[in-house]
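First up is the structure itself, then whatever we jot down about it.
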Amino acid sequence: MHTLTVNLGDRSYPIHIGQGLLASPSLLAPHIHGRQVLVVSNETVAPLYLEHVIALLADYDVDTVILPDGEQYKNLETLNTIYTALLEHRFNRGCTLAAVGGGVVGDITGFAAASYQRGVAFLQIPTTLLAQVDSSVGGKTGVNHPLGKNMIGAFHQPGCVLIDTDTLDTLDDRQLSAGLAEVVKYGLIHDADFFVWLEQNIEALKARDKQALSHAIARSCAIKAEVVAGDERESGARALLNLGHTFGHAIETGTGYGNWLHGEAVSAGMVMAADLSARHGWLSRQDVERTAALLRLAGLPVTPPAEMSERRFLDLMAVDKKSLDSGLRLILLRAIGTAEVTADFRPELLRATLNAAS
Ligand SMILES: NC(=O)c1ccc[n+]([C@@H]2O[C@H](COP(=O)([O-])OP(=O)(O)OC[C@H]3O[C@@H](n4cnc5c(N)ncnc54)[C@H](O)[C@@H]3O)[C@@H](O)[C@H]2O)c1
Ligand SMILES: [Zn+2]
């Protein structure tokens, strides 16, 4: 088992990563406040893992809420069903919420915990690769509004993140690849050696080799933890975690939510960011090719769908939340392993990237 710490002063917390951790009650116990625990999962994950989690919590008064499965349910109405369960079962301020599932369950449950009685404890038990390397760490919680994704939310750090890599056994290949996009992102923004390790181990990761997956998850979480510890509320460096995401969000919205998975859209978006970096003379063409080659081997798309014209990209990018109050800011690469947030890119080169991609 690997254990990492997210260093945030008195809100610091551990991330435990390993096989079979859902059979290890001693890891959660120190982070459970009071006796009341509400376990939140969804209709897909609950039949697979809820029983294990309930067994972990044998010493507590446990209730459960099972949400419908899907990004389209990450909304205020679903959130309200969690509040209703908490109130019906008379949960007090000393209670703990536990999220068991992917990023959707984690984000909604985290926001319920951030807001119920002005904030109660919560635990993340992520079961998708994306949630294990990204959404369960860092304390961003929230739900979607019909007018924008993740627009209603709060920062609320979990007390513990428990990552049992065995849960990945039941994840389908497409979801696994989508998670790998975020793993590659960490190499690109922060760690050239990790990028090289990924090039050497991508086949093992695709084949779900547990040791390779554990290493990739631990390295990803360590980088995310470091970035978050340095900039919890995203006033600076945390924005680097959005590499490829401005293009990616445009693809997700432009193709209709759910057609492209988030990680797939981010994959194509990162290649576009690399291409734009190369057009500025920041990154070599060879490194753009390496990036695309690795993502392709990870089973991911590296170009946006044909229907995404330059015009469509620009319209959608203008409404991306990162650009609401200022000019468009993009994350570009200075090299593999080094990224920068900048509003100082050349618009004609951005148009060239958008045209080359479409
Ligand atoms: N909070 C953050 O910092 C942050 C970061 C990145 C993404 N997100 C959010 O995360 C969400 C995406 O997360 P996701 O990719 O995990 O999607 P998801 O939660 O929709 O999970 C993907 C699918 O896998 C299923 N699933 C989950 N675990 C499984 C398992 N072990 N075996 C089989 N099936 C399983 C789910 O039921 C779902 O159908 C988005 O809403 C995004 O906004 C948040
Ligand atoms: Zn992402």
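Order of appearance sets the numbers: ligands from 1, and atoms from 1 within every ligand.
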Task: For Tyr49, the ligand 1 atoms whose distance to one of its heavy atoms is below 4.0 Å - done: 31 (N)
- [ ] Look at atom 10 (O) of ligand 1 and say which protein heavy atom is nearest, naming residue and atom and giving the distance to 0.1 Å.
- [x] Gly103 CA, 3.3 Å
Task: Minimum non-hydrogen distance to atom 42 (C) of ligand 1, winning option of His262, Glu252, Lys149 - done: Lys149
Task: For atom 35 (C) of ligand 1, closest protein heavy-atom neighbour - done: Leu171 CD1, 3.7 Å
Task: Non-hydrogen atoms of Leu4 and Cys221 that approach each other most closely - done: CD1-CB, 3.6 Å
Task: Whether His215 and Phe194 hold their rings parallel, tilted or perpendicular, with breakpoints at 30° and 60° - done: perpendicular
- [ ] Check Thr5, Thr3, Val6 against Ile15 for a side-chain contact (heavy atoms from CB on, under 4.5 Å) and give me the one that passes.
- [x] Val6
- [ ] Indicate yes or no: does Arg174 engage Glu264 in a salt bridge with an N to O separation below 4.0 Å.
- [x] yes
Task: Shortest reach to atom 7 (C) of ligand 1 by a heavy atom, considering only Asn42, Thr141, Leu130, Val104 - done: Leu130
Open item on the list: Can you report which non-hydrogen protein atom sits closest to atom 26 (N) of ligand 1, along with the distance?
Closed with: Val45 CG2, 3.8 Å
Task: Closest heavy-atom pair and its distance - Ala46, Ile66 - done: CB-CD1, 3.6 Å
Task: Non-hydrogen atoms of Pro126 and Ser136 that approach each other most closely - done: CG-OG, 3.6 Å
Open item on the list: Any atom of ligand 1 sitting under 4.0 Å from a heavy atom of Glu71?
Closed with: yes
Open item on the list: Under a 4.0 angstrom heavy-atom cut-off, which atoms of ligand 1 come close to Gln175?
Closed with: 22 (C), 23 (C)
Task: Protein residue, atom and distance nearest to atom 27 (C) of ligand 1, heavy-atom basis - done: Thr128 CG2, 3.2 Å
Open item on the list: Check this for me: does any side-chain nitrogen of one of Glu182 and Lys224 sit under 4.0 Å from a carboxylate oxygen of the other?
Closed with: no
Open item on the list: Can you tell me if, anywhere in Glu182, an N/O/S atom lies at a distance from the Zn ion (ligand 2) that is smaller than 2.8 Å?
Closed with: yes
Task: atom 30 (C) of ligand 1: nearest protein contact (heavy atom, Å) - done: Thr170 OG1, 3.4 Å
TODO: Could you list which atoms of ligand 1 come closer than 4.0 Å to a heavy atom of Thr167?
DONE: 30 (C), 31 (N)
Task: Distance (rounded to the nearest 0.5 Å) between Leu28 CG and Thr96 OG1 - done: 10.0 Å
- [ ] Pick one of side chain, backbone, both or neither for how Glu182 approaches ligand 1, counting any non-hydrogen atom pair under 4.0 Å.
- [x] neither
- [ ] Run the numbers for me: atoms of ligand 1, each under 4.0 Å from some heavy atom of Leu48, listed by number.
- [x] 32 (N), 33 (C)
TODO: Measure the distance from atom 28 (N) of ligand 1 to every protein heavy atom, then report the residue, atom name and distance (to 0.1 Å) of the closest one.
DONE: Thr127 OG1, 2.7 Å
Open item on the list: Could you check whether Asp63 pairs with Arg90 (Lys NZ or Arg NE/NH1/NH2 to Asp/Glu carboxylate O, under 4.0 Å)?
Closed with: no
Open item on the list: Taking Arg208 first and then Asp173, would you say they form a salt bridge - that is, a charged N and a carboxylate O separated by under 4.0 Å?
Closed with: yes
Open item on the list: Measuring from atom CD1 of Ile331 to atom OG1 of Thr246, what distance do you get when rounded to the nearest 0.5 angstrom?
Closed with: 6.5 Å
Task: Test log, rule ring pair (Phe, Tyr, Trp, His ring centres under 6.0 Å), inputs His16 and His2 - done: CA-CA 6 Å; His16 300 297; His2 297 272; over 10 Å; no
Task: Atoms in ligand 1 flagged as close to Asn150, the criterion being non-hydrogen separation under 4.0 Å - done: 43 (O)
TODO: Could you list which atoms of ligand 1 come closer than 4.0 Å to a heavy atom of Lys74?
DONE: 9 (C), 40 (C), 41 (O), 42 (C), 43 (O)
TODO: Tell me which protein heavy atom sits closest to atom 4 (C) of ligand 1, plus the residue, atom name and distance to 0.1 Å.
DONE: Ser135 CB, 3.2 Å
- [ ] List the closest protein heavy-atom neighbour of atom 3 (O) of ligand 1: residue, atom name, distance to the nearest 0.1 Å.
- [x] Lys224 NZ, 3.6 Å
Task: Residue pair Tyr73 / Thr78: nearest heavy atoms and the distance that separates them - done: O-OG1, 2.6 Å
Task: Close-contact set for ligand 1 against Thr44 heavy atoms, below 4.0 Å - done: 37 (O)
Open item on the list: Looking at non-hydrogen atoms alone, which of Val266, Asp69, Asp107 comes nearest to atom 44 (C) of ligand 1?
Closed with: Asp107
Task: Geometry at the Zn ion (ligand 2) - His262 NE2 versus His245 NE2 angle, rounded to 10 degrees - done: 100°
